[in-house]
Amino acid sequence: MKTAAFLGLGAMGVPMAAALARRAAETGGRVLVWNRHADKAQAHAAEYGTQAAALEDVGQAGVIFSCLPTSADVDEVIGQLEGHLNPGTVWVDCTSGHPDAAQSQRARLLTRGVRFLDAPVSGGVSGAVAATLTVMLGGPADEVEAVRGELAFAGKAVHVGDTGAGFAVKAVNNALLAVNLWAAGEGLAALGRGGVDLGAALTVINASSGRSNATENLIPARVLTRDFPPTFGLGLLAKDIAIALDVVGGVRGSAPVLAQVAALTRAAAQMIGPDEDHTALLKLVEQMNAQEIK
Ligand code: NDP
């Protein structure tokens, strides 16, 4: 693709757009970047060789990527850009969005001849920097295949189903992240109250059947150290597990554990703060147990 555009230079967008720029440098393409606060786009252009663009100008790109907090934010940007889009463009939305929004966004953009794919990512900021993200794509198979080669930030790209399926899989994945974090926190808080060394407990758990990414990576690196480095916001995790509950409700499923952890995650985002790292979810477990996990 000669010209790609990236909208939303947040924690994920900055390294994802940088990966596109590295690829473009090899293939002779160019990458336009747009951010609501334009200074971030100027800084990105200076650091990574992208081109800061006005929103009206990103319509000339053959592929438009977006990575914004919510589908409502994407709706807002589509509204601002709609009149400047060209037929034939593909819009690849890497937001962790809502499956219902994917349906309406695709229908809305198709009236302009623009195809929309939901393409959320996992792997975190470190995966974006290393360009090893897992992308889960929802949409027609031929459209997914046509865009696969453009995903320079991906280590793995999986077509998971029709429009909205990518967002649904991402929401369920992050619901599992919240459940694993919360459950590990409860267990460790109890062990800590009983005087067990939590480093030793994690050594055992991580060599045993209770292990998860939470116990192997997140808790040792972010919680035991008391660092909680802000890479993925607690408010975004609460948003994702709420979407997962909508997915469950949409098929009249039953998921009482997800519902409970969704409520706890929402409470934590309100009490601890939405911009705190998602691992600060365990600060609520700590308050409930009067026990630090360290
Ligand atoms: P950030 O909060 O770091 O960045 C958000 C970006 O969206 C900023 O560029 C911000 O612009 C822009 N933005 C917010 N609201 C609007 C709006 N209404 N109109 C236009 N631009 C807007 O978010 P992340 O990069 O962490 O997350 C982005 C998405 O990726 C989320 O859906 C998240 O769930 C998902 N995700 C995040 C991961 C992570 O580790 N952080 C991992 C995997 C997925 P401005 O700079 O002007 O405020």
Side-chain angles (χ1 to χ4, degrees), residues 5-19 33-45 50 52-56 58 64-82 91-99 101-102 105 118-137 151 153-157 166-178 181 213-214 217-218 221-222 228-244 265 269 273-281:
F6 201 101
L7 315 180
L9 298 171
M12 293 299 284
V14 165
M16 289 171 74
V33 289
W34 175 84
N35 196 65
R36 181 177 57 180
H37 291 96
D39 52 327
K40 287 193 198 168
Q42 310 283 0
H44 199 276
T50 50
L55 195 54
E56 310 84 75
V58 305
I64 297 175
F65 295 94
S66 47
C67 191
L68 304 179
T70 67
S71 287
D73 299 313
V74 177
D75 277 334
E76 207 178 303
V77 173
I78 290 175
Q80 292 160 23
L81 187 47
E82 213 161 19
W91 189 308
V92 179
D93 184 26
C94 301
T95 303
S96 299
H98 198 295
Q105 287 162 345
D118 46 308
V121 298
S122 74
V125 173
S126 59
V129 169
T132 57
L133 293 172
T134 298
V135 188
M136 46 219 99
L137 291 123
L151 307 172
F153 42 74
K156 184 179 281 188
F167 287 161
V169 172
K170 174 66 189 176
V172 168
N173 177 74
N174 278 22
L176 299 180
L177 161 64
L181 257 177
N213 183 51
N217 296 309
L218 296 174
R222 298 177 183 227
F228 302 98
T231 61
F232 173 50
L234 188 48
L236 292 175
L237 182 63
K239 172 258 305 180
D240 290 338
I241 190 166
I243 295 172
T265 308
D275 297 329
E276 295 293 315
D277 188 60
H278 65 298
T279 53
L281 177 63

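Keep in mind that what you see is a predicted model, and the values were worked out from it rather than measured. Counting from 1, the numbers follow the sequence of the chain as shown. Start at 1 and go down the list; that is how both ligands and their atoms are numbered.
- Here the closest heavy-atom approach between residue Pro120 and residue Ser96 is recorded as CB-CA, 4.2 Å.
- Within the model, atoms CG of Asn174 and CD1 of Ile241 stand 9.0 Å from one another, a figure rounded to the nearest 0.5 Å.
- Contact detail for Ala280 and Leu234: the closest heavy-atom pair is C-CD2, 4.3 Å.
- The presence of a protein heavy atom under 4.0 Å from atom 2 (O) of ligand 1 is ruled out.
- With hydrogens left out, the protein atom closest to atom 15 (N) of ligand 1 is Arg36 NH1, 3.3 Å, a heavy atom.
- Closest to atom 27 (O) of ligand 1, if we only count protein heavy atoms, is Leu236 CD1, 3.8 Å.
- Using modelled atom types, one side-chain atom of Thr95 and one backbone atom of Leu68 make a donor-acceptor pair closer than 3.5 Å.
- Considering backbone and side-chain N/O atoms, Gly13 never comes within less than 3.5 Å of an N/O atom of ligand 1.
- For the pair Asp93 (side chain) and Asp118 (backbone), a donor-acceptor distance under 3.5 Å is absent.
- What sits closest to atom 41 (N) of ligand 1 on the protein, heavy atoms only, is Thr231 O, 2.7 Å.
- Looking at atom 11 (O) of ligand 1, its nearest protein heavy atom turns out to be Asn35 OD1, 3.6 Å.
- No donor-acceptor pair under 3.5 Å is formed between the side chain of Thr279 and the backbone N or O of Leu218.
- Using modelled atom types and a 3.5 Å distance limit, the side chains of Thr50 and His44 yield a donor-acceptor pair.
- Ring orientation note: the planes of Phe6 and Phe65 are close to parallel, at an angle under 30° on the 30°/60° scale.
- Under a 4.0 Å criterion applied to the non-hydrogen atoms of Lys40, ligand 1 contributes the atoms 45 (P), 46 (O).
- The protein non-hydrogen atom at the shortest distance from atom 31 (C) of ligand 1 is Leu68 O, 3.4 Å.
- Evaluated by nearest non-hydrogen atom to atom 36 (N) of ligand 1, the leading choice among Ala11, Ser71, Ser96, Pro15 is Ser96.
- No part of Thr70 comes within 4.0 Å of ligand 1, judged by heavy-atom distances.
- At under 3.5 Å, not a single nitrogen or oxygen of Lys170, backbone or side chain, sits near a nitrogen or oxygen of ligand 1.
- In terms of heavy-atom proximity, Ala238 sits nearest to Ala269 at CB-CB, 4.3 Å.
- Checking only distances, Cys67 never comes within under 3.5 Å of ligand 1, N or O to N or O.
- Distance alone, capped at 3.5 Å, is enough to place a donor-acceptor pair between the His278 side chain and the Phe232 backbone.
- Considering only non-hydrogen atoms, atom 40 (O) of ligand 1 lies nearest to Phe232 out of Phe6, Phe167, Phe232.
- When only non-hydrogen protein atoms are considered, atom 37 (C) of ligand 1 lies nearest to Met12 CG, 3.5 Å.
- By the 3.5 Å distance cut-off applied to N or O atoms, Thr95 is not counted among the residues near ligand 1.
- Across every non-hydrogen atom of Phe153 and Cys94, the tightest pair is CZ-SG, 4.0 Å.
- The proximity of Val77 to ligand 1, defined as any non-hydrogen pair under 4.0 Å, is limited to the side chain.
- Considering only non-hydrogen protein atoms, atom 4 (O) of ligand 1 sits nearest to Gly10 CA, 3.2 Å.
- Checked by distance only, ligand 1 and Trp34 stay at 3.5 Å or farther apart across all their nitrogen or oxygen atoms.
- The minimum heavy-atom distance between Ala128 and Met12, with the atom names listed, is CB-CE, 4.1 Å.
- Between Pro15 and Gly10 the shortest heavy-atom distance is CD-O, 4.4 Å.
- Close contacts between ligand 1 and Pro69 involve ligand atoms 5 (C), 7 (O), 13 (N), 14 (C), 15 (N), 31 (C), 32 (O) [criterion: under 4.0 Å to a heavy atom].
- The ligand atoms of ligand 1 that sit less than 4.0 angstrom from a heavy atom of Leu9 are 9 (O).
- An N or O contact shorter than 3.5 Å is missing between Gly8 and ligand 1 by distance.
- Residue contacts with ligand 1, taken as heavy atom pairs separated by less than 4.0 Å, involve Glu76 solely via side-chain atoms from C-beta onward.
- The main-chain N or O of Val14 is never found under 3.5 Å from a side-chain atom of Lys40 such that the two would form a donor-acceptor pair.
- Residue-ligand proximity, Val121 to ligand 1, at heavy-atom distances under 4.0 Å covers atoms 43 (C), 44 (C).
- The protein atom (non-hydrogen) at minimum distance from atom 45 (P) of ligand 1 is His37 ND1, 3.4 Å.
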